[in-house]
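Report on the structure given below.
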Amino acid sequence: MKKIFRASLLSAMVGMGAIGAHTAAIADDVKWPTRPVQVVVIANPGGDTDFNARMMAKYFNEITGKTMVVTNVAGGGGTLAAEQVKGAAADGNTILFTHPGQMIVNEVAGLTEDSYETFDISCIAGVDKSAIFVANKQSGITSMKDLVEKAKAKPGSITYGTEIGNFSHVQGLQLEKLTGTKLKMVDGGTVSDRVVGMLGGRLDLGAMSYGAVQDYVSGGQMVALGQPNAERNPLIPDVPTLKEQGLDITLDKPYIVAFPKGTDPAIVKKMADIMKEITEKPAYAEDLKKFKQPVAYFGTEESKEILAKTRDDFMQFKDALRQGK
């Protein structure tokens with residue numbers, strides 16, 4: 001079984017250059033931040049999105065000498081957080097920390113009329129390369145091959161925990177399309193909720209960051225089936241890629257930093273520069289290892305191109321996402 005699906009520009013964008021020196025000089029001159037900056041995170045504390053936002057805040061404080069305060073506003077698939085930032089003053093003191101589940105999938109699913117263009121995109125602060133498909137031990141699923149065989153033998157018998165209309169939903173739909181299988185999609189809530197659902201035997205299968213389930217994988221309660229990366233993440237070397245198992249799936253989840261529309265471009269650029277400086281700190285790379293995540297960064301223009309391409313790719317699942325909302 002050998003099929004190919006691509007849902008990301010991230011690998012292709014690595015070599016692109018930075019924004020011009022004139023813009024950089026303007027960003028250097030702008031007096032920002034002058035007071036505490038609030039970063040509104042679309043997820044509850046404890047998950048991968050919250051972790052990345054808090055790592056950004058930790059080193060932002062160190063570099064600028066100003067405080068970045070993390071505020072978690074979960075709910076509505078990220079729409080509540082997005083609305084809060086959308087309605088905030090465009091003075092650089094409120095930032096949205098999000099990912100394609102809110103920024104793109106919600107639009108494609110018809111949950112909002114907003115898109116990534118509703119905000120001023122600053123940068124991609126990181127990319128989750130630790131996502132894996134994981135099975136509940138009680139399900140009896142031992143590998144991707146085993147999963148596909150079971151799903152084909154009894155369509156709809158394997159319960160896939162997701163947030164309906166969100167990023168993990170796209171991951172499940174992509175898997176169905178590629179393998180010609182039918183899963184039973186169940187709205188299992190946030191990552192922490194889905195972990196509980198899998199441990200309790202209510203959910204058979206999920207797609208989430210390895211850091212959220214690593215204790216249960218090492219403890220034998222869950223089985224890591226595969227990572228949807230082009231190559232093995234060196235921080236989780238024992239988990240094979242889906243490509244190695246005959247399923248050529250690459251689906252990246254970037255973490256996006258955005259401001260309310262109309263924010264001074266110099267502030268938007270300066271935030272991107274600060275984030276780039278953060279990613280160059282060895283201590284930051286060490287911190288990311290807690291979630292088995294390599295360092296990644298993309299500037300403003302690269303980020304916009306990545307989001308535009310991702311939106312186009314996700315549109316193939318528009319009908320399925322809207323049926324499930």
Side-chain angles (χ1 to χ4, degrees), residues 6-28 30 32 37 39-42 49 52-53 56 60 77-79 81-83 85-86 88 90-92 94-109 111-129 166-167 170 250-280 295-318:
R6 284 289 179 265
S8 174
L9 269 182
L10 297 182
S11 298
M13 300 295 296
V14 171
M16 292 191 66
I19 296 173
H22 178 65
T23 304
I26 294 174
D28 289 340
V30 68
W32 179 89
V37 176
V39 56
V40 180
V41 183
I42 66 167
T49 306
N52 276 268
M56 177 179 75
F60 180 95
T79 56
E83 283 297 317
V85 175
K86 178 182 172 182
D91 56 8
T94 306
I95 293 174
L96 179 66
F97 196 90
T98 184
H99 58 65
Q102 176 274 315
M103 189 68 80
I104 297 174
V105 179
N106 282 352
E107 178 199 1
V108 177
L111 297 175
T112 179
E113 294 182 358
D114 294 336
S115 71
Y116 70 90
E117 295 173 315
T118 302
F119 300 88
D120 284 334
I121 304 299
S122 176
C123 64
I124 286 174
V127 180
D128 181 11
K129 292 286 187 180
N166 213 309
F167 190 76
V170 172
T250 302
L251 186 59
D252 293 313
K253 178 182 171 185
Y255 301 104
I256 306 154
V257 178
F259 288 87
K261 199 71 173 177
T263 300
D264 184 345
I267 292 176
V268 175
K269 176 62 171 62
K270 187 168 185 180
M271 180 62 228
D273 290 343
I274 292 170
M275 191 64 233
K276 184 175 186 296
E277 186 176 347
I278 289 171
T279 62
E280 293 167 351
V295 174
Y297 167 84
F298 296 93
T300 302
E301 296 308 313
E302 297 99 320
S303 298
K304 290 178 183 178
E305 291 190 42
I306 289 166
L307 295 175
K309 177 62 166 57
T310 301
R311 181 184 182 276
D312 288 344
D313 288 332
F314 285 4
M315 274 296 175
Q316 67 180 298
F317 301 117
K318 177 180 177 180

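Counting begins at 1 with the first residue of the sequence. Just so it is clear, the model here is predicted, and its values are computed rather than measured.
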Check whether any side-chain heavy atom of [X] lies under 4.5 Å from a side-chain heavy atom of [Y], and answer yes or no.
X      : Y      : answer
Asp114 : Glu83  : yes
Ile256 : Pro100 : yes
Lys129 : Asp252 : yes

Strictly distance-based, threshold 3.5 Å: is any side-chain N or O of [X] a donor or acceptor partner for the main-chain N or O of [Y]?
X      : Y      : answer
Lys304 : Tyr116 : no
Tyr297 : Ala272 : yes
Ser303 : Phe298 : yes
Asp264 : Ala266 : yes
Lys270 : Val30  : yes
Thr300 : Ser122 : yes
Asn52  : Gly126 : no
Asp120 : Gly262 : yes

The test is side-chain contact (heavy atoms from CB on, under 4.5 Å); show your working for His99 and Ile42 and say whether it passes. CA-CA 8 Å; His99 58 65; Ile42 66 167; 3.6 Å; yes

For [X] versus [Y], what's the shortest heavy-atom pair and its separation?
X      : Y      : answer
Ser115 : Glu107 : CB-OE1, 3.2 Å
Phe314 : Val108 : O-CG1, 3.7 Å
Trp32  : Gly92  : NE1-O, 2.9 Å
Ile121 : Met103 : CD1-CE, 4.0 Å
Lys261 : Ala90  : O-CB, 3.6 Å
Ala81  : Val41  : CB-O, 4.1 Å

Rounded at 0.5 Å granularity, tell me how far [atom1] in [X] sits from [atom2] in [Y].
X      : Y      : atom1 : atom2 : value
Glu301 : Ile306 : CD    : CD1   : 11.5 Å
Met315 : Ile104 : CE    : CD1   : 9.5 Å
Leu307 : Glu117 : CG    : CD    : 9.5 Å
Thr79  : Leu111 : OG1   : CG    : 7.5 Å
Phe167 : Thr49  : CZ    : OG1   : 10.0 Å
Met271 : Lys276 : CE    : NZ    : 13.5 Å

Can you tell me if NZ on Lys318 sees more than 12 non-hydrogen neighbours from other groups inside 6.0 Å?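 For Lys318, atom NZ is not crowded (no more than 12 foreign heavy atoms under 6.0 Å).
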
Taking 4.0 angstrom as the limit, do Lys309 and Glu305 come out as a salt bridge?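 Glu305 and Lys309: not salt-bridged.
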
Trace of the side-chain contact (heavy atoms from CB on, under 4.5 Å) decision for Phe259 with Thr94: CA-CA 7 Å; Phe259 288 87; Thr94 306; over 6 Å; no

